[in-house]
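Single-structure report; data block below.
By convention in this document, chain letters (A, B, ...) are assigned in the order of the sequence lines, proteins followed by strands, and residues within each chain are numbered from 1.
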2 protein chains.
Amino acid sequence: MPGFATDQLLQGLSVDCVIFGFHQNELKVLLLKLKQLDMWALPGGFVGVTEDVDQAATRVLSERTGLEDIFLQQFFLFGDASRHRAGHGARLAELGAIPAEWADWLDRRFVTLGYYALVEYSRVKAPKPDQTSESCEWCALNALPKLMLDHSEILTKAHDTLKKHLNDQPIGLNLLPAQFTMPELQALYETVLGTTLDRRNFQRKMLGYGILNRTGKRMTGAPHKAPWLYEFDEEKYRLALQAGLNTGW
Amino acid sequence: MPGFATDQLLQGLSVDCVIFGFHQNELKVLLLKLKQLDMWALPGGFVGVTEDVDQAATRVLSERTGLEDIFLQQFFLFGDASRHRAGHGARLAELGAIPAEWADWLDRRFVTLGYYALVEYSRVKAPKPDQTSESCEWCALNALPKLMLDHSEILTKAHDTLKKHLNDQPIGLNLLPAQFTMPELQALYETVLGTTLDRRNFQRKMLGYGILNRTGKRMTGAPHKAPWLYEFDEEKYRLALQAGLNTGW
DNA sequence: ATTTTATTGCGTCATTTTAACACAATGAAA
DNA sequence: TTTCATTGTGTTAAAATGACGCAATAAAAT
């Protein structure tokens, strides 16, 4: 092999998923609480040699949430040599966090591919922990617990990527209920961006994209004027995802 | 290991670099002509287990071009299981394109991380082929030869990514000489985008970004009015790279 | 030396987009 | 019936964009 021995080339590949949900005007992320440790982790898994990487990410997502048809997108490969820490596996095994026979494996070098997913909060009924974790919960983005390894960095980069994508891609499908009000959509944007937006300008710009259909219905129940219910025109939504919203040049 | 045997998890990781250069109003890519085969390949290499992936890409770039300080950015991990084709290595070995002892290795599953690089054409004096190739040349993007495996797909995706990045990132540094004229910069944009732009509007918008400094000098030699020479304000250029040019929201 | 030629610098004008804000309508609760 | 917070639909000024006009100019042609 070109300049290397084979055992210097084979390495582990994993995926880590940053699963965003939106609830009570807060952006949340699905995290796993590790056994025995006061530490959390992103849902992830190893990629088998006969498996597409997308397939591995889909599998991880499905295992935690039970959902299949989710917007999922790779955003970065975290591949610094310093990611793996010698002795990490042994330490986890000692603590009983993982089976002893995994220790060697975890000390190997592996790179991880970051995915981000957008899911509708209410569709995730009972997120399931995996073998190494004792629970799986939604955590608010602005009050995150301590995360293992470089998972904080992965999460931050996912959020940054999401914010950037917002500038030329629509979001909301898969993150909001099928029908939603304009204020709800705006709250989502404001939450992701961490800013406030003018209600009227937001509506004009959003409608200008031409990806929304106004259903005849209104949302009642609140002691105010009942807002219209909208839904995404999925065909146009997907076109906008591909072509981008801002022309730029 | 979680659900897999170790030998079902270890795999090869490579980097492939799409190295863009700009010459005579054409966008070009540095390609390798494979030995014995009427086929070309992107410059690439395997990632050692003790190596950062960025470092591997930098190494590949340096080996082909001799350049060290190049803008280099990962853009996608190509990780479909169908990328590797059983028997591919054996076939190459038979043809004498690669040493026989590499055959098994090439039949393994490996994923490849795509990088794109922007280099100043004239700085690459004599691109060097690697062990498997007989030459290394600039090829015009609109007249590409046949490429091995999925390298066409990688190249196309790199170009698409570059076009998208153009909408909220400056380009030109590392791709043009230190000093350049506005028409030259515009030609670069037009070439990358594959469109024509209005000369006057381009200048207004570009200057509006505030990343250019006008040197006192003019470019003489052509039988026309001598255009001003500009250079990038590197500080502001880098800030624009991070913050993005179009605010969006 | 003068004219020609293609190209550059700088500017104009109409249109579109954006930002900031006003006001009436509404639906439940007081 | 009134109150209240919130929504739908505007308006207006400022800024950005798109489509041009025209004089200046550097070398080559006359």
Base C:dA22 to side chain A:R200, donor-acceptor N/O within 3.5 Å cut-off
yes
Once you round it to whole Å, what is the distance between C1' of D:dC22 and NZ of B:K225?
11 Å
Checking only heavy atoms, does the side chain of A:R199 share a donor-acceptor pair with the base of D:dG8 at less than 3.5 Å?
yes
Separation of atom CE in A:M182 from atom C1' in D:dT7, rounded to whole Å
11 Å
Taken to the nearest whole Å, NZ/B:K205 to P/D:dA16 is 11 Å
Once you apply a heavy-atom cut-off of 4.0 Å, does A:G208 come out as touching a base, just sugar-phosphate, or nothing?
nothing
Nearest nucleotide by nearest heavy atom, which residue falls closer to the 5' end of DNA chain C, B:D198 or B:T181?
B:T181
Could you go through B:Y230 and B:T215, starting from their C-alpha distance and side-chain angles, then the distance that decides it, and tell me whether this counts as side-chain contact (heavy atoms from CB on, under 4.5 Å)?
CA-CA 5 Å; B:Y230 290 86; B:T215 71; over 6 Å; no
A:K205 versus B:G248, closest heavy-atom pair with distance:
NZ-O, 2.8 Å
Is B:T220 touching bases, backbone alone, or none of the nucleic acid, heavy atoms closer than 4.0 Å?
sugar-phosphate
What's the CE-P distance between B:M206 and D:dA16, to the nearest Å?
16 Å
So for A:R218 and D:dG8, does any side-chain atom that can act as donor or acceptor lie under 3.5 Å from a complementary atom in the base?
no
Which nucleotide, D:dT17, C:dA6, D:dT6, lies nearest any side-chain atom of B:H224?
C:dA6
Given atom CG of B:L197 and atom P of D:dA19, what is their separation to the nearest angstrom?
11 Å
Of A:N201 and A:P223, the one whose nearest nucleotide on DNA chain D sits closer to the 5' end is A:P223
What's the CZ-P distance between A:F202 and C:dT18, to the nearest Å?
13 Å
Between A:R204 and A:G221, who's closer to the 5' end of DNA chain C by nearest nucleotide?
A:R204
Quick one: do B:R59 and B:D54 make a salt bridge, cutoff under 4.0 Å?
no
Is there side-chain contact between A:T65 and A:V119, with heavy atoms separated by less than 4.5 Å?
no
Between B:Q203 (CD) and C:dT7 (C1'), how many Å, whole number?
13 Å
Result for side chain to side chain contact (heavy atoms under 4.5 Å, CB included) between B:P43 and one of B:V15, B:V18, B:V60 points to B:V60
Side-chain N or O of B:R214 closer than 4.0 Å to phosphate OP1/OP2 of C:dC10
yes
Atom-to-atom span, CG of A:L185 to P of D:dG8 - whole angstrom
12 Å
